A.B. asks: 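Before we start, here is the structure in question, set down as structure tokens.
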2 protein chains.
Amino acid sequence: MKNNCPLNYTMQLIGTKWKPLVLFHLLEGALRSGVLKKKVPEISNKMFTQTVRELEKDGLISRKVFPVVPPKVEYKLTERGESLESLLRQLDKWGLEDIKSLNHTNFDAL
Amino acid sequence: MKNNCPLNYTMQLIGTKWKPLVLFHLLEGALRSGVLKKKVPEISNKMFTQTVRELEKDGLISRKVFPVVPPKVEYKLTERGESLESLLRQLDKWGLEDIKSLNHTNFDAL
DNA sequence: ATACTATATTACTTTTTAGTAAGTTATTGC
DNA sequence: GCAATAACTTACTAAAAAGTAATATAGTAT
């Protein structure tokens, strides 16, 4: 990974299809794997695991395994992950406002 | 493009390798094509054109052609593009702070 | 007429990201 | 002893994003 600049650095950590969404849902607190997955209904098994694994590797979330059967696993934001909160909320907010303002203009190229 | 939520919507508009960088450099005002391109030294011809074309299509930047030879083209943020300012600055700032804090810990998995 | 300029395009390949579908684990309840 | 459970994992395919290199344009200066 080549990080020419902070902007790219940040995008490389959270700039994929599912990462921001997963992080966003963890803002309210720890969630069991299955619950978190259901919050992102369209995500596949594979992408879910891959996404949380990468977020964990990058130190943005942590994973706690309870030694029970059937398995129980909880994910939550680390301190580092929590520092993304205002960024995540702003990404969400910008999208919301932008969609709103599209309804007031006739620009709807999307 | 399926926009399940505002967060994804935003990411789809600015979440590629070069878009945030191009937008960021336009925050200080309009730039000639060649100058803008030099601000993003590693970008290829193709990716530069493709990136500005998409940003234009999405109404985030505008393109002004001066009818001279050799050609002169200027890009600048639209009002919609300008509304991304604080978001872009925050993405940059977060990366900066995070890199800084990595130097104080021994977490350097990146 | 040839080279130079800034901006851009095109065909093609490679790399990265995402999706599909089937299989694994280890205990519990029937 | 067989199905049900939650949380994965794996092999494979498909689609999207990015990279490379060659080419186009159209006046101007030599």
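Note that this is a predicted model, so its numbers are computed, not measured. We use all heavy atoms of the structure for the numbers below, so side chains are in, but hydrogens, waters and symmetry mates are not.
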A.B. asks: Mind checking if B:Tyr75 touches a base, just sugar-phosphate, or nothing, with heavy atoms under 4.0 Å?
C.D. replies: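 Since only primed, P, OP1 and OP2 atoms lie under 4.0 Å of B:Tyr75, the category is sugar-phosphate.
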A.B. asks: What is the distance, rounded to the nearest whole Å, between atom CD of A:Gln12 and atom C1' of D:dA17?
C.D. replies: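 For the pair A:Gln12 CD and D:dA17 C1', the rounded distance is 14 Å.
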A.B. asks: Using a heavy-atom cut-off of under 4.0 Å over every strand shown, decide if B:Ser44 touches base, sugar-phosphate, or nothing.
C.D. replies: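 Contact class for B:Ser44: base.
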A.B. asks: Side chain of B:Val69 only, heavy atoms from C-beta on: which candidate in D:dA6, C:dA6, D:dA26 is closest?
C.D. replies: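 Closest nucleotide to the B:Val69 side chain: D:dA26.
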A.B. asks: Whole Å only: how far is the CZ atom of A:Phe48 from the P atom of C:dA21?
C.D. replies: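 So the two atoms are 20 Å apart, to the nearest Å.
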A.B. asks: Take B:Glu42 and B:Leu21 through the side-chain contact (heavy atoms from CB on, under 4.5 Å) test and state the conclusion after the steps.
C.D. replies: CA-CA 11 Å; B:Glu42 292 139 341; B:Leu21 227 42; over 6 Å; no
A.B. asks: In terms of the nearest nucleotide of DNA chain C, which residue is placed more toward the 5' end: A:Ile43 or B:Asn45?
C.D. replies: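 Mapping each residue to its closest nucleotide by heavy atoms, the 5'-most match is B:Asn45.
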A.B. asks: Answer yes when A:Arg89 and A:Glu85 have at least one side-chain N-carboxylate O distance shorter than 4.0 Å, and no when they do not.
C.D. replies: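 So A:Arg89 pairs with A:Glu85 through a salt bridge.
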A.B. asks: How many Å lie between CD on A:Gln50 and P on C:dT20, as a whole number?
C.D. replies: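 Answer to the nearest Å: 14 Å.
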A.B. asks: When you measure from the side chain of A:Arg63, which nucleotide among C:dA8, C:dA18, D:dC8 comes out closest?
C.D. replies: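 So the side chain of A:Arg63 is nearest to D:dC8.
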A.B. asks: Has A:Arg53 got a side-chain N or O lying under 4.0 Å from the OP1 or OP2 atom of D:dA7?
C.D. replies: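 False: A:Arg53 side-chain N/O out of range (4.0 Å or more) of D:dA7 OP1/OP2.
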A.B. asks: Please report, rounded to the nearest Å, how far the C1' atom of C:dA8 is from the NZ atom of B:Lys64.
C.D. replies: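 To the nearest whole Å, that distance equals 20 Å.
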A.B. asks: For A:Met11 and D:dA17, what is the distance between atoms CE and P respectively, to the nearest whole Å?
C.D. replies: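 Those two atoms, CE and P, are 12 Å apart.
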A.B. asks: Measure distances between side-chain N and O atoms of B:Lys46 and base N and O atoms of D:dA18, and say whether any donor-acceptor pair falls under 3.5 Å.
C.D. replies: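 It does, because a donor-acceptor pair links the side chain of B:Lys46 to the base of D:dA18 below 3.5 Å.
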A.B. asks: Describe the nucleic acid contact of B:Thr49 in one word from base, sugar-phosphate, nothing, applying a heavy-atom distance below 4.0 Å.
C.D. replies: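 Contact class for B:Thr49: base.
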A.B. asks: Looking at the side chain of A:Thr16, which of C:dA6, D:dA7, C:dA18 is the nearest nucleotide?
C.D. replies: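 When the side chain of A:Thr16 is considered, C:dA18 is the closest of C:dA6, D:dA7, C:dA18.
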A.B. asks: Do A:Ser86 and B:Trp94 make a side-chain contact, defined as non-hydrogen atoms from C-beta onward lying under 4.5 Å apart?
C.D. replies: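 Side-chain contact under 4.5 Å: no.
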A.B. asks: Using atom types as modelled and distance alone, determine if a side-chain donor or acceptor of A:Thr10 lies under 3.5 Å from a backbone N or O of B:Gly95.
C.D. replies: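 Present.
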A.B. asks: Measure the distance from CD on B:Glu42 to C1' on D:dT20 and round it to the nearest whole Å.
C.D. replies: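 Taking CD of B:Glu42 and C1' of D:dT20, I get 16 Å after rounding.
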A.B. asks: Distance check needed: C:dT15 C1' versus B:Lys17 NZ, whole Å only.
C.D. replies: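 Distance check: B:Lys17 NZ to C:dT15 C1' gives 10 Å.
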A.B. asks: From the options C:dA6, D:dA18, D:dC8, select the nucleotide whose nearest atom is closest to the side chain of B:Pro70.
C.D. replies: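 Side chain of B:Pro70 sits closest to C:dA6.
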A.B. asks: Transitively linked via ILVMFWY side-chain contacts under 4.5 Å: B:Leu96 with A:Leu60?
C.D. replies: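 B:Leu96 and A:Leu60: separate clusters.
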A.B. asks: Using whole Å, report how far CG of B:Leu31 lies from C1' of C:dA6.
C.D. replies: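 Taking CG of B:Leu31 and C1' of C:dA6, I get 15 Å after rounding.
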